[in-house]
Amino acid sequence: MQNYRKLLTCLLAVTLFSCKSVLDLEPTDKILAKDLFGDPEGVKLYMANLYYQLPIEDFAFFRGGFNQNGGDPNNGGFAPAMVTDEAVHSEFGDFVGDGDFQWWDQGYKLIRDVNLLADAIPTLDVIEADKKKLIGESAFIKAYAYFALAKRYGGVPLIKQTQQYTGDVESLKVPRSTEKATWDYVMELCDQAIANLEPGDGKSRRATKYTAAALKSRAALHAASVAKFWGRAPMSGAAVTDKLVGMTAGDAAAYYTACIQASELIIQSGQFALYGANPASPEEAAENYRMLFANPNGGDKETILIKGFTLPGQFTGHNYDIWYQPAQSANGWPHPGRMNPTLDLIDLYERYDRPGQSSPVVTTTEGDVTDYGGFNAGLHYLQFDSPNDIFKGKDARLWGTAILPGTAWKGTPIVIQAGYVQPNGQAVIRTKAEITVNGHTYYTYGAANTSQYSGFDSYGGNNTRTGFSFKKFMNHTAPVVAGWNQSTSDFIEFRYAEVLLNYAEAVVESGTGNAAEAAKALNDIRRRAGHTTAIALTSANVQRERRVELAFENKRFWDLIRRREYHTEFNNRVVHSLLPLQDLRALPATKYIFVRVVVPNYTPKTFSERSYYRSIPGIASNGLVQNPQY
């Protein structure tokens, strides 16, 4: 006890005699803004964290959220493309759930972090040029965050400055703004960023004037579409009455104009161009298209903003190469082949001899491309010498996006076969079997064992069930490393081709702007794909071009949302496969036929109209008005 009293006396003495100095001390567990942002390295660190939090829908974006490549990144290999008509999972079926694609808490954390930066900028001891750049970047990041919120939730609380907690929680609550006010704020922030940022060289991984313009082009097109097409799926309820969701058709014009002007700022700058704009052949066009995504840093002037995956590892690498390799090149990874492009997507690609028209794969002399009833011995199937001859003459981008049956990947012909037709005319499909004819053994899946083929066998859920495997973004030269987050190919967040497509769509949908320039933008993209015949600027042509040019870049989901087409495109919807069969009736010649079917084991999908908006979380505590039908 005596010792305790002595210790207490000492502590009191220290406290009393050092009271002034204690109060003057600055906290040692925090870095002050003037110290952090006064040091160029501190600025880099803080900005790197802000950019990392950006809701970029890249290789680590899944329905559960962004940057899903830390901890246990095992999401089964699902990708957003699988809730659209672009692809299906090789094993499982799933669709848009209420808990998918949410981004609320993370969004407001990023907004708070960038508000802290914006508040500190005027106090920083840096040159004016650096201050101006930070003002521009903070506006870009905040615009990006509010864009991600607006397209999910409609009107949201606009917290424009850092909030200070004074002991009254109620004072921190901010009601939702209208959807229009939210989109207008996104436009305002984009303009701030454009006004304050330098043009840059297009190679930076930080925002430039043109990055901000590209964001405005994309966001304005989204807002314009919601306004124009709101009537396709009108809603009701308190959120609609208060205009927290929804806009009027009359609101569309200003947003289309904003998209056109932002796109023209980029187009007329002369700093950007399509990679491989004038290929000598479709084969060269296909390779250019593949190379653009395999190595965006070699994309010449097409890239506007790249997100880097520089190092393998947790939060720094991604998993595309392990999930989506065809089974034959899995190299020890147990669950490859999960991204299966649908026949619905493949049918969209034009043939060079039929410009301006989708070209569904024709399998019979009867020519019916709506027959999904399976093999019918009474039909006259077209025979082909190789499993990919049926695709010859189709758009080069198909060959750069998907692995087609019999095409080579990493030096290996990828075997995708669903069965055979026996010499007696009986078909054996999607069951493991073999038959020996004239001393030679044939296998339904095209080879004897699971390491030698990549299609249709349900073994391990590793084989395509659509007839196609995946190529875009994949590393053609590196072997698969069988572990998490070993892929380091970079992701192009903004590229020139999307800006051209935004521009073309805004012009054709609004009926304003320079139609001749918009048609040129559309056909420049087609020329890069090997087309030599120009097509007209129509809404249908623009939408088909978006689907093939931007396939698997996570744009299709939002295109269906913003144009209010999801509930009509997915109304008890099924998607389709193409079954390659070896036709043993042609022996000794080697011939293949194809059968169009519904994807095996596919459950029809219906999109709920309430899913055009995500549910607002935490309304019991934050007091916000909920979105319709939740």
| query | Which residues pass the side chain to side chain contact (heavy atoms under 4.5 Å, CB included) test with P312, sequence neighbours left out? | reply | Q486, T488
| query | With R152, which residues qualify under salt bridge (Lys or Arg N to Asp or Glu O under 4.0 Å), at least two apart? | reply | E57
| message | I'd like to check I429 versus L581 (side-chain heavy atoms, cut-off strictly below 4.5 Å). Are they in contact? | response | yes
| field | A330: side chain to side chain contact (heavy atoms under 4.5 Å, CB included) partners, not counting sequence neighbours | value | P336
| message | If you compare all heavy atoms of N475 against all heavy atoms of Q325, which two are closest, and at what distance to 0.1 Å? | response | O-NE2, 4.4 Å
| Salt-bridge criterion met for R528 and E302 (N-O under 4.0 Å) | yes
| Which residue pairs pass the side-chain hydrogen bond (donor to acceptor under 3.5 Å, both in side chains) test with at least one member in residues 67-84, sequence neighbours excluded? | N67-K307
| Which residue pairs satisfy the salt bridge (Lys or Arg N to Asp or Glu O under 4.0 Å) criterion with at least one member in residues 571-582, sequence neighbours excluded? | D85-R573, D344-R573, E569-R573
| Can a salt bridge be assigned to the pair E553 and R495 using a cut-off of 4.0 Å between side-chain N and carboxylate O? | yes
| query | Is the F473 ring parallel, tilted or perpendicular to the F470 ring (thresholds 30°, 60°)? | reply | tilted
| task | May I ask you to decide whether R563 forms a salt bridge with E505, counting only side-chain N to carboxylate O separations under 4.0 Å? | result | yes
| Which pairs pass side-chain hydrogen bond (donor to acceptor under 3.5 Å, both in side chains) with one or both residues in residues 369-379, sequence neighbours excluded? | D368-T370, Y372-R596
| field | Qualifying residues under ring-ring contact (aromatic ring centres under 6.0 Å, His included), relative to W103, sequence neighbours excluded | value | F66
| Who pairs with D395 by salt bridge (Lys or Arg N to Asp or Glu O under 4.0 Å), at least two apart in sequence or on another chain? | R397
| message | The criterion is side chain to side chain contact (heavy atoms under 4.5 Å, CB included); which residues satisfy it with T401, sequence neighbours excluded? | response | Y289, Y349, K472, F552
| Is there any salt bridge (Lys or Arg N to Asp or Glu O under 4.0 Å) pair reaching into residues 286-295, and which pairs are they, with sequence neighbours excluded? | E287-R290
| message | Is the distance from the ring center of F309 to that of F59 below 6.0 Å? | response | yes
| Side-chain contact, heavy-atom cut-off 4.5 Å: P387 with I416? | no
| task | Tell me, please, which residues at least two apart from Y566 pass ring-ring contact (aromatic ring centres under 6.0 Å, His included). | result | F557, F570, F607
| said: My understanding is that only residues two or more places apart in sequence, or in another chain, count here; which of them pass side chain to side chain contact (heavy atoms under 4.5 Å, CB included) with A219? | reply: F147, W183, V186, M187
| field | Non-hydrogen atoms of Q357 and E350 that approach each other most closely | value | O-CG, 3.2 Å
